[in-house]
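Everything below concerns the one structure shown next.
Scope of the values below: all heavy atoms of this structure, side chains included, with no hydrogens, waters or symmetry mates.
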Amino acid sequence: MQKILLLGIDGAGKTALYLKFFGKKTPETLLTLQPTRGIAKYDHDFLRSDVEILDLGGGKEYRANYIGNLELVSGLSAVIYVLDVQDNARFQEAVTFIMSWTQSVVAQLKNVKGYLLFNKIDPGMEGKLRSNLEQLAKMVAQIGMIHPEPLVKTITSIYSDTSNKMFQ
């Protein structure tokens, strides 16, 4: 069984990326998603392997429950950190949460793959979001120093197939 954790603050696009790949939803249907409340658990048989995906609702009211929660990381295969590159007003909030969570469970992250998704870099927005991406990349560099395994970093969007490649 593969266990994957989707982590980030509310509005980062965790559920949308999941539904784009596993639910085969169109971008238009994903624009009206409501925030995940608590933890959404999805089970799949993917490429002859059982996969459990935990989509952690990123609202402030839920985040404290994830810090130091060893049950979440028990048997974890991968953690996918999702950051919204368009929402620069919340960069510090997002990075602070991800850093706090990572530090609280770092001993259990050995041999756990890590992915850092710079999300919502939609087609045609690359130039407009370049400075946001550079700013956010600097801010999250410290996560790569804490996470015991190398982090795979990529840009994603519900309008492209980059998230499909990452999930595969």
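- With sequence neighbours excluded, no residue forms a side chain to side chain contact (heavy atoms under 4.5 Å, CB included) with Asn65.
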Item to check | Test log, rule side chain to side chain contact (heavy atoms under 4.5 Å, CB included), inputs Leu17 and Leu117 | outcome: CA-CA 10 Å; Leu17 289 173; Leu117 307 187; 3.7 Å; yes

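- The closest side-chain heavy-atom distance from His147 to Val79 is below 4.5 Å.
- Within the 4.5 Å cutoff, the side chain of Leu83 has no heavy atoms near those of the Phe91 side chain.
- Side-chain N or O atoms of Ser77 include none that pairs as donor or acceptor with a backbone N or O of Ile4 at under 3.5 Å.
- Of the possible donor and acceptor atoms, none in the side chain of Asp122 sits under 3.5 Å from a partner among the backbone N and O of Met125.
- Taking the salt bridge (Lys or Arg N to Asp or Glu O under 4.0 Å) definition, one finds that Arg90 meets it with Asp10, Glu93, sequence neighbours left out.
- For the pair Lys14 (side chain) and Gly8 (backbone), a donor-acceptor distance under 3.5 Å is present.
- Note that the CD1 atom of Ile158 and the OG1 atom of Thr15 stand 12.0 Å from one another [nearest 0.5 Å].
- Formation of a donor-acceptor pair under 3.5 Å by the Tyr66 side chain with backbone atoms of Gly57 is found in this model.
- Annotation: the span from Leu151 atom CG to Leu116 atom CG amounts to 6.0 Å, rounded to 0.5 Å.
- With rounding to the nearest 0.5 Å, the separation of CD1 in Ile121 from OG in Ser160 is 9.5 Å.
- By the salt bridge (Lys or Arg N to Asp or Glu O under 4.0 Å) test, Lys41 is found to be paired with Glu52, residues two or more places apart in sequence or in another chain being considered.
- You'll find the side chain of Leu72 reaches within 4.5 Å of the side chain of Leu54, heavy atoms only.
- For the pair Lys20 (side chain) and Ser157 (backbone), a donor-acceptor distance under 3.5 Å is absent.
- Distance alone, capped at 3.5 Å, places no donor-acceptor pair between the Asp55 side chain and the Ala40 backbone.
- Taking 4.5 Å as the limit, every side-chain heavy atom of Phe97 sits out of range of all side-chain heavy atoms of Lys60.
- No continuous path of ILVMFWY side-chain contacts below 4.5 Å connects Leu5 to Met1, so the two sit in separate hydrophobic clusters.
- Hydrophobic clustering (ILVMFWY, side-chain heavy atoms < 4.5 Å, transitive): Leu70 and Leu76 are in one cluster.
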Compile the donor-acceptor pairs under 3.5 Å between side chains in residues 27-34 and protein atoms, sequence neighbours left out, one pair per line.
{"from": "Thr29", "atom 1": "OG1", "to": "Thr26", "atom 2": "N", "distance (Å)": "3.4"}
{"from": "Thr29", "atom 1": "OG1", "to": "Thr26", "atom 2": "O", "distance (Å)": "2.7"}
{"from": "Thr29", "atom 1": "OG1", "to": "Thr26", "atom 2": "OG1", "distance (Å)": "3.4"}

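- Residues satisfying the side chain to side chain contact (heavy atoms under 4.5 Å, CB included) criterion with Pro150, sequence neighbours excluded, are absent altogether.
- Not counting sequence neighbours, the partners of Tyr42 by the ring pair (Phe, Tyr, Trp, His ring centres under 6.0 Å) test are Tyr18.
- Not counting sequence neighbours, the partners of Val152 by the side chain to side chain contact (heavy atoms under 4.5 Å, CB included) test are Tyr115.
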Checklist entry - Which is it for Ile53 and Phe22 under the side chain to side chain contact (heavy atoms under 4.5 Å, CB included) test, yes or no, and what are the steps along the way? => result CA-CA 10 Å; Ile53 297 178; Phe22 284 100; 3.2 Å; yes

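- Evaluation of the salt bridge (charged side-chain N to carboxylate O under 4.0 Å, His left out) test over residues 133-152, restricted to residues two or more places apart or in two chains, returns Arg130-Glu134.
- Between Thr156 and the options Val82, Asn119, Ile80, a side-chain contact (heavy atoms from CB on, under 4.5 Å) holds for only Asn119.
- Interatomic distance, Leu56 CG to Leu6 CG, rounded to the nearest 0.5 Å: 7.5 Å.
- Each side-chain hydrogen bond (donor to acceptor under 3.5 Å, both in side chains) pair with one or both residues in residues 96-113, not counting sequence neighbours, appears once here: Tyr81-Thr102, Gln92-Thr96.
- Taking the salt bridge (Lys or Arg N to Asp or Glu O under 4.0 Å) definition, one finds that Asp84 meets it with Lys120, sequence neighbours left out.
- Distance check: Asp50 CG to Gln2 CD gives 9.5 Å after rounding to the nearest 0.5 Å.
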